[in-house]
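Starting from 1, each residue takes its place in the sequence as its number.
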Amino acid sequence: MFEYDIPSNSTPSAREAAFLILDGASNVAATHRVTQERPVSCSYVTNPRETRVPKTGGTGSFTVVTEPADCRWTLENTFFSGFTISPRSGQGTTRITFTSPALNFDTYAEIGIWGLSRQNPPGKHRVIWGTPSNLPPFSR
């Protein structure tokens, strides 16, 4: 028996993965395939998926891309004092801009792009300050 976690799929397409189970000689003994369907209605993706800013602060931007094009959304983040972002809600593909404060430590935070009903998984955009050592792999 083995367990695994599958992050929510906020992309407009189904996705598939294969887990390869190896024997003691590193030969494939079995394959476990997983398919995850696309969201029921709207999908939310960011482009690019992450932005790096210096610890001294700065500005950045990314685009929220929705499918279908008329999906409404709102941003959610738990950032630091002095972080500004605009707009905080919208409909369809929209350019988001932000200004980050100066920080005296390396860290990251994620901005969630949620549909108004919260029926589907959020899109995510990651903002990275410096070079944090606890940076997890990016997932959608």
Side-chain angles (χ1 to χ4, degrees):
M1 181 174 105
F2 65 95
E3 294 181 19
Y4 54 89
D5 247 353
I6 299 177
S8 300
N9 183 7
S10 65
T11 68
S13 305
R15 58 187 181 183
E16 195 173 289
F19 294 93
L20 304 177
I21 292 69
L22 306 177
D23 64 14
S26 296
N27 298 313
V28 175
T31 302
H32 176 73
R33 295 193 182 283
V34 177
T35 301
Q36 186 179 35
E37 296 302 321
R38 68 177 297 270
V40 176
S41 56
C42 295
S43 79
Y44 308 93
V45 178
T46 66
N47 185 19
R49 295 190 313 172
E50 62 185 29
T51 304
R52 290 187 177 268
V53 294
K55 289 194 307 185
T56 56
T59 60
S61 66
F62 62 94
T63 301
V64 172
V65 180
T66 68
E67 176 137 342
D70 64 348
C71 292
R72 295 176 59 195
W73 51 266
T74 187
L75 298 181
E76 183 177 284
N77 68 314
T78 55
F79 278 34
F80 310 98
S81 175
F83 188 90
T84 60
I85 189 165
S86 180
R88 295 193 63 84
S89 63
Q91 181 173 344
T93 299
T94 305
R95 188 80 169 162
I96 307 295
T97 58
F98 63 84
T99 303
S100 74
L103 300 174
N104 60 359
F105 52 93
D106 296 334
T107 192
Y108 74 97
E110 288 183 346
I111 301 169
I113 296 86
W114 287 91
L116 300 185
S117 70
R118 293 192 175 246
Q119 177 182 12
N120 293 319
K124 295 178 185 175
H125 183 79
R126 183 162 51 189
V127 179
I128 303 167
W129 288 265
T131 54
S133 59
N134 63 339
L135 192 64
F138 191 87
S139 65
R140 292 194 184 249

Spacing of [X] atom [atom1] and [Y] atom [atom2] [to the nearest 0.5 Å]:
X	Y	atom1	atom2	result
Tyr44	Leu75	OH	CG	11.5 Å
Glu76	Glu110	CD	CD	11.5 Å
Lys124	Arg49	NZ	CZ	11.0 Å
Ile21	His32	CD1	NE2	7.5 Å
Ile113	Cys42	CD1	SG	13.5 Å

Handout entry: Donor-acceptor pair, side chain of Gln91 and main chain of Asp70, under 3.5 angstrom
Key = yes
Practice task
Taking Ser100 for its side chain and Gly58 for its backbone only, find out whether a donor-acceptor pair lies under 3.5 Å.
Solution key: yes
side-chain hydrogen bond (donor to acceptor under 3.5 Å, both in side chains) involving [X] - partner list, sequence neighbours excluded:
X	value
Thr66	none
Thr59	none
Arg33	none
Arg95	Ser61, Thr63

Practice task
Starting from the C-alpha separation in whole Å, work towards a yes-or-no answer on side-chain contact (heavy atoms from CB on, under 4.5 Å) for Val64 and Thr93.
Solution key: CA-CA 5 Å; Val64 172; Thr93 299; over 6 Å; no
Exercise for the section: Sort and list the pairs that fulfil ring-ring contact (aromatic ring centres under 6.0 Å, His included) and have at least one residue in residues 88-119, not counting sequence neighbours. Expected result: Phe80-Phe105, Phe83-Phe98
Exercise for the section: Please name the pair of heavy atoms, one in Ala18 and one in Thr31, separated by the smallest distance, quoted to 0.1 Å. Expected result: CB-CG2, 4.1 Å
Exercise for the section: For Gly60 and Thr51, work out which heavy atoms get closest and say how close. Expected result: CA-CG2, 4.4 Å
In terms of hydrophobic clusters joined by side-chain contacts under 4.5 Å, are [X] and [Y] together?
X	Y	answer
Val127	Trp73	yes
Ile128	Leu103	no
Ile111	Ile96	yes
Trp129	Ile85	yes

Practice task
Could you tell me whether Arg88 atom CZ has more than 12 heavy atoms of other residues or ligands within 6.0 Å of it?
Solution key: yes
Exercise for the section: Would you please name every residue forming a side-chain contact (heavy atoms from CB on, under 4.5 Å) with Ala25, sequence neighbours left out? Expected result: Asp23, Asn27
